[in-house]
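Take a look at the structure set out below.
This chain uses plain numbering: 1 for the first residue, then up along the sequence. We count ligands from 1, going down the list as the structure has it; atoms in each ligand are counted the same way.
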Amino acid sequence: MVKTNISELAIFGGSPAFKELLHVGRPNIGNREQFLKRVNEMFDQRRLSNNGPFMRELEQKLAAFLGVKHCITMCNATIALEITARALGLQGEVIIPSFTFVASAHALQWQEITPVFCDADPVTHNIDATKIEKLITSRTTGILGVHVWGRACDVDALSAIAHKHHLKLMFDAAHALACTHQGKMIGGFGDAEVFSFHATKFFNSFEGGAVTTNNDQLAARLRGMRNFGFAGLDNVVDIGTNGKMSEVSAAMGLTSLESLDKFIQINYENYLAYFRGLDGIPGIRLITYTETEKNNYQYIVMEIDEVAAGLSRDLLVTILHAENILARRYFYPGCHQMEPYRSYFPNAGMVLPETEKLTLKVLQLPTGTAVGKAEIDHVCGLIRFVLAHGAEIRKRYESQ
Ligand SMILES: Cc1ncc(COP(=O)(O)O)c(C=O)c1O
């Protein structure tokens with residue numbers, strides 16, 4: 001039901017706009033029959049893990065799709081980041097953006113590598129390459145760029161800095177499957193790139209991830225490290241862990257891959273629907289993606305300018321949650337404000353002004369195959385209504 005009076009908002013006791021929760025990343029499910037057929041095959045062959053046929057098929061297909069020499073699947077992107085950092089010999093300090101999911105930082109800290117947080121570009125939300133060089137010290141061994149929202153970070157600038165200072169360069173491409181940089185698929189940049197196939201990503205293998213690289217030696221080391229460092233049946237040649245992707249995950253990955261174009265098309269149509277629906281609302285900016293590059297459009301990212309809008313991002317999120325619209329605040333409050341980093345670097349915020357601003361004004365709206373056009377129109381209509389009455393709503397909310 002369209003709301004015409006602020007008393008009808010759920011935060012003021014009205015009924016929620018949606019009966020069921022609308023999620024930012026409700027899993028996309030491909031062809032079930034295909035998936036179940038693969039699962040049956042898996043049982044017939046009694047291959048559940050350990051370099052199984054589905055895992056190898058997924059690696060081949062992803063490598064071909066991304067135009068990269070090696071794709072090494074893993075159990076998730078966090079472990080993949082950890083293994084890659086170790087395989088590259090990273091230690092001491094590594095420069096990363098603070099405006100990222102905390103896994104990027106944890107993957108380093110887990111191995112006692114200090115993440116040194118760099119500020120974000122306020123327009124692209126990616127690491128601000130112009131601020132990297134002054135963070136380099138004698139302890140710096142690498143840069144970990146993140147392609148936030150699937151938009152490539154400044155790969156050329158990062159590569160030039162890494163080259164100049166003899167640093168390793170890896171990318172957290174968790175958001176960036178099927179996205180391009182200068183027309184080339186993300187996956188082959190830097191020393192290695194890491195993807196996430198988590199259930200909430202538009203392409204999922206339940207849990208899962210992959211490292212891609214064009215470096216033969218690095219690929220061999222990554223393959224060994226994800227399997228306890230084994231090179232043969234009883235020969236352990238390196239430190240390793242268990243980072244293997246299981247066959248059931250690979251079966252899901254293959255099934256998701258067959259629906260990849262459809263998922264992207266739906267995301268793109270949703271993005272256009274949001275773009276039209278939110279057009280012209282004062283205080284709101286929807287993050288747009290360059291049409292000349294490919295994006296998977298899995299994130300509908302909105303910035304809200306509290307002054308122009310008349311209410312804060314956080315109040316808008318509270319209102320939306322009450323209406324069963326589970327908007328998210330990625331990446332609030334920024335890695336530098338999370339433990340253990342907050343204790344290690346209590347003043348980090350002073351050198352991260354743009355990150356601090358972003359963490360207060362950015363939110364993500366529901367999309368994916370579980371969200372229809374009518375629902376998007378309804379969400380946009382509600383946001384338009386809320387922002388048209390921003391000051392009034394805020395006053396009433398604060399006096400409750
Ligand atoms: C930027 C980024 N890096 C890393 C990860 C971790 O991925 P996974 O859940 O596969 O470990 C995520 C997951 O959401 C992410 O968004």
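Using a 4.0 Å cut-off between charged side-chain N and carboxylate O, Arg276 and Asp377 make no salt bridge. Salt-bridge formation is not detected for the pair Glu41/Arg46: no Lys NZ or Arg NE/NH1/NH2 atom is positioned less than 4.0 Å from an Asp or Glu carboxylate oxygen. Using a 4.0 Å cut-off between a side-chain N of Lys or Arg and a carboxylate O of Asp or Glu, Lys3 and Glu323 qualify as a salt bridge. Note on Glu82 versus Arg86: no salt bridge recorded, every NZ/NE/NH1/NH2 to OD/OE distance being 4.0 Å or above. Asp305 and Lys361 are not joined by a salt bridge, as no carboxylate oxygen comes within less than 4.0 angstrom of a charged side-chain nitrogen.
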Ignoring hydrogens and angles, write down the donor-acceptor pairs under 3.5 Å from the side chains of residues 13-22, residues two or more places apart or on other chains.
none

Using a 3.5 Å cut-off on N/O to N/O, what pairs does ligand 1 make with the protein? A line per pair would be great.
| residue | atom | partner | partner atom | Å |
| --- | --- | --- | --- | --- |
| ligand 1 | 3 (N) | Asp172 | OD1 | 3.3 |
| ligand 1 | 3 (N) | Asp172 | OD2 | 2.7 |
| ligand 1 | 7 (O) | Ser196 | OG | 3.4 |
| ligand 1 | 10 (O) | Ala77 | N | 2.9 |
| ligand 1 | 10 (O) | Ser196 | OG | 2.8 |
| ligand 1 | 11 (O) | Ala77 | N | 3.3 |
| ligand 1 | 11 (O) | Thr78 | N | 3.0 |
| ligand 1 | 11 (O) | Thr78 | OG1 | 2.5 |
| ligand 1 | 14 (O) | Lys201 | NZ | 2.6 |
| ligand 1 | 16 (O) | His175 | NE2 | 2.9 |

